[in-house]
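Keep in mind that the numbers below use all heavy atoms, side chains included, and drop hydrogens, waters and symmetry copies. One-based numbering, in listed order, for ligands and for the atoms of each. Count residues from 1 along the sequence.
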Amino acid sequence: MTAASSALPQHFDEIYQSIPAAVTLIAVTKFLPVETIRAAYERGIRHFGESRVQEAIAKQAQLTDLPDITWHLIGHLQTNKARKAVEHFDWIHSVDSLKLAQRLDQAAQELDKLPQCCLQVKLVPDPPKHGMEAAELTELLPQFDQLVHLRLRGLMTIPPQDASPDEVRDVFAGAKDLASAINQKAFAHLHIDQLSMGMSGDYQTAIACGATMVRLGTVLFGPRPPSG
Ligand SMILES: *Cc1c(COP(=O)(O)O)cnc(C)c1O
């Protein structure tokens, strides 16, 4: 075993193996060093999540020998970084406004890319969080459907920090219902086949409720250093 892979917590493989094959495990490596990414890669992880564009770019520059990584942007994105996000990520989970989506679409056209995207939705009021409320999102769907340089195919949601287990379940079930309702509208372009939901504290519930992508940091890697 190399020094790098022995740096992962002992339970890493157990958690990894416990994720059903149909669910994509996104290893969240924000604030963690590239050595951790390499160690997880050696164990078979190919999907990595980062919350900040600049931090991810710096890490990617040190990992050019690992070309088959799929990079996921999971943190809030400012419109002025849309172009960089399209350049450096395969997936953007945090599309939380029409304006941001339009910027991403424009950048994708210019860069001749087709980034895969999730619309971030708040199923219950949660002032500190980014994301559109379900009603707002639903109203904007015809406009999202016109953004043909994006592959808008997912919903991403995060339950409120203080939610009870029942509320967490309701949020995840609500995301699944919303995806079905969107698909029933049969848009030309927009079709939801991914649910990005579940973090270290609630991923088992999320999987039971139909998550297709879970975003796990702490449970895989242990506590993160504080953000810089
Ligand atoms: C940090 C983060 C995660 C991972 O959180 P853990 O609780 O450490 O698993 C998942 N999703 C988003 C959007 C995050 O910002």
Practice item. Would you check if Pro165 and Val168 make a side-chain contact, meaning some heavy-atom pair closer than 4.5 Å? Key: no

Review point. Are Glu87 and Lys113 close enough for a salt bridge, meaning some N to O gap below 4.0 Å?
Key: no

Check your understanding: Taking 4.0 angstrom as the limit, do Asp65 and Arg38 come out as a salt bridge?
Key -> yes

What does the N/O contact table under 3.5 Å look like for ligand 1?
residue, atom, partner, partner atom, Å
ligand 1, 8 (O), Thr218, N, 2.8
ligand 1, 8 (O), Thr218, OG1, 2.5
ligand 1, 8 (O), Arg224, NH1, 2.7
ligand 1, 8 (O), Arg224, NH2, 3.2
ligand 1, 9 (O), Ser200, N, 3.0
ligand 1, 9 (O), Ser200, OG, 2.5
ligand 1, 9 (O), Gly217, N, 2.8
ligand 1, 11 (N), Arg215, NE, 2.9
ligand 1, 15 (O), Lys30, NZ, 2.7

Can you list, pair by pair, the side-chain donor-acceptor contacts under 3.5 Å of residues 196-216, counting residues two or more places apart and other chains?
residue, atom, partner, partner atom, Å
Ser196, OG, His93, ND1, 2.8
Ser196, OG, Arg215, NH1, 2.9
Ser200, OG, Thr218, N, 3.3
Ser200, OG, Val219, N, 2.8
Asp202, OD1, Met199, N, 2.7
Thr212, OG1, Gln194, OE1, 2.7
Thr212, OG1, Leu195, N, 2.9
Thr212, OG1, Leu195, O, 3.4
Arg215, NH1, Ser196, O, 2.9

Side-chain donor-acceptor contacts of residues 12-31 below 3.5 Å, not counting sequence neighbours, with atom names and distances?
residue, atom, partner, partner atom, Å
Asp13, OD1, Arg43, NH1, 3.4
Asp13, OD2, Arg43, NH1, 2.8
Tyr16, OH, Gly44, O, 3.1
Ser18, OG, Ile15, O, 2.6
Thr29, OG1, Glu50, OE2, 2.7

Point to revise | Partner residues of Asp126 under the salt bridge (charged side-chain N to carboxylate O under 4.0 Å, His left out) criterion, sequence neighbours left out | key: Lys129

